[in-house]
J.: 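This structure is in structure tokens; I'll ask about it shortly.
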Number of protein chains: 2
Amino acid sequence: MEFEAEVCSECETHAEVLQKVQAELPPEESLYDLADLFKVFGDTTRIKILYVLFESEMCVCDLAAALGMTQSAISHQLRVLKQSKLVGNRREGKSIIYFLADDHVRVMIDQGMEHVAE
Amino acid sequence: MEFEAEVCSECETHAEVLQKVQAELPPEESLYDLADLFKVFGDTTRIKILYVLFESEMCVCDLAAALGMTQSAISHQLRVLKQSKLVGNRREGKSIIYFLADDHVRVMIDQGMEHVAE
DNA sequence: CCTTCATATGATCATCTGTTCATATGTATA
DNA sequence: TATACATATGAACAGATGATCATATGAAGG
């Protein structure tokens with residue numbers, strides 16, 4: 001990495017702070033994973049799916065019905081949610097039931113809502 | 001909205017659940033805002049900026065230096081962060097100092113990191 | 001007031017994302 | 001084991017997004 005950038009005259013005295021900040025910065029990979037996680041929450045369809053699953057576990061078909069969307073669209077998004085370990089699933093008869101994997105999800109969404117609600 | 005979708009035979013008995021779920025679903029606009037908020041966190045550059053600002057408030061130029069990125073790129077992202085009220089700024093001499101607006105930010109990022117760390 | 005310097009902005013381009021449509025997969029049950 | 005039905009998948013297309021480059025803005029300090 002190159003940390004020698006165009007630095008304004010007023011700020012180039014701050015070398016110490018820069019160094020400390022860089023030292024505290026989590027590893028690139030963690031930051032990448034973190035951004036990826038937030039990206040998953042950053043879509044209305046996926047947010048809706050999660051909200052629905054707050055209320056009740058549900059098969060793909062019901063999710064599609066509940067959100068008035070295509071089965072395919074829902075299925076594609078469930079895949080993303082599952083990859084991020086935000087939801088899990090199990091087979092039940094002919095259907096596959098999806099459910100929240102984790103209670104982090106609720107906390108994160110609640111926290112977000114709090115910010116938005118202001 | 002249309003809630004009459006192709007419903008699987010096994011699930012069409014679940015009309016009650018669907019209705020309850022739809023009733024509990026927050027208004028479209030809130031969901032949209034929420035997704036938008038998470039979208040802001042869903043980018044490595046912006047996450048990095050936030051992490052840096054955890055340590056210390058800082059001028060644009062120092063942020064660019066700390067992250068080894070263009071002033072322009074940083075400025076564009078700061079705009080996004082400010083629109084979402086995640087950061088604030090003030091003028092100080094020639095520089096403009098950016099800082100975290102809120103403590104939600106820390107909580108949200110920590111929560112995300114916890115999930116990712118598993 | 002006029003220059004200088006830090007920051008902001010706009011256009012552009014390549015990349016990424018989400019939906020749709022068509023179709024594949026695979027399990028359950030007759 | 002054949003087929004019907006729920007779900008998954010792949011290609012393709014439209015819209016969104018982030019970095020870059022060039023340039024505008026505008027306050028500070030002479």
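The shown structure was predicted, so the numbers you read here are calculated from the model rather than taken from an experiment. Keep in mind that the numbers below use all heavy atoms, side chains included, and drop hydrogens, waters and symmetry copies. In the text below, chain A, chain B and the rest are named by the order of the sequence lines, each starting its count at 1.
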J.: Mapping A:R46 and B:H76 onto DNA chain C by nearest heavy atom, which one lands closer to the 5' end?
T.: B:H76
J.: So does A:R91 get a side-chain nitrogen or oxygen closer than 4.0 Å to the phosphate oxygens (OP1/OP2) of C:dT27?
T.: no
J.: With a 4.0 Å cutoff (strictly under), does any side-chain N or O of A:Q77 reach OP1 or OP2 of C:dT19?
T.: yes
J.: Between B:F54 and B:R106, is there a cation-pi geometry (under 6.0 Å to ring centre, at most 45° from the normal)?
T.: yes
J.: I want to confirm an ordering. Mapping A:K39 and B:I97 to their closest nucleotides on DNA chain C, which one lands closer to the 5' end?
T.: B:I97
J.: Which word best sums up how the rings of A:H115 and B:H104 line up, parallel for under 30°, tilted for 30 to 60°, or perpendicular for over 60°?
T.: perpendicular
J.: At less than 3.5 Å, do the side-chain atoms of B:S72 and the base atoms of C:dT9 form a donor-acceptor pair?
T.: yes
J.: Given the structure, check if the side chain of B:Q71 and the base of C:dA6 hold any donor-acceptor pair shorter than 3.5 Å.
T.: no
J.: Could you tell me whether A:K85 and B:E118 make a salt bridge, using a distance below 4.0 angstrom between a side-chain N and a carboxylate O?
T.: no
J.: Keeping A:Q22 on the side-chain end and B:A66 on the backbone end, is there a donor-acceptor pair under 3.5 Å?
T.: yes
J.: Check every atom of D:dA28, D:dT9, C:dT9 against the side chain of B:K94 and return the nucleotide holding the closest atom.
T.: D:dA28
J.: Return the value, rounded to whole Å, for the distance between atom CE of B:M69 and atom C1' of D:dC21.
T.: 14 Å
J.: Is there a side-chain polar atom (N or O) of A:Y98 under 4.0 Å from OP1 or OP2 of D:dA6?
T.: no
J.: Do A:Y51 and A:I109 have side-chain heavy atoms sitting under 4.5 Å apart?
T.: yes
J.: D:dA19 C1' sits how many Å from B:L67 CG, rounded?
T.: 14 Å
J.: Figure out the CZ/P separation between A:R90 and C:dA28, and round it to whole Å.
T.: 14 Å
J.: Starting at CG of B:D36 and ending at P of C:dG18, how long is that distance when rounded to a whole Å?
T.: 13 Å
J.: Does D:dT20 have its OP1 or OP2 closer than 4.0 Å to a side-chain nitrogen or oxygen of B:T70?
T.: yes
J.: So, is A:T45 near the phosphate of C:dT19, with a side-chain N or O under 4.0 Å from OP1 or OP2?
T.: yes
J.: Indicate whether OP1 or OP2 belonging to C:dT9 is found under 4.0 Å from a side-chain N or O atom of B:R79.
T.: yes
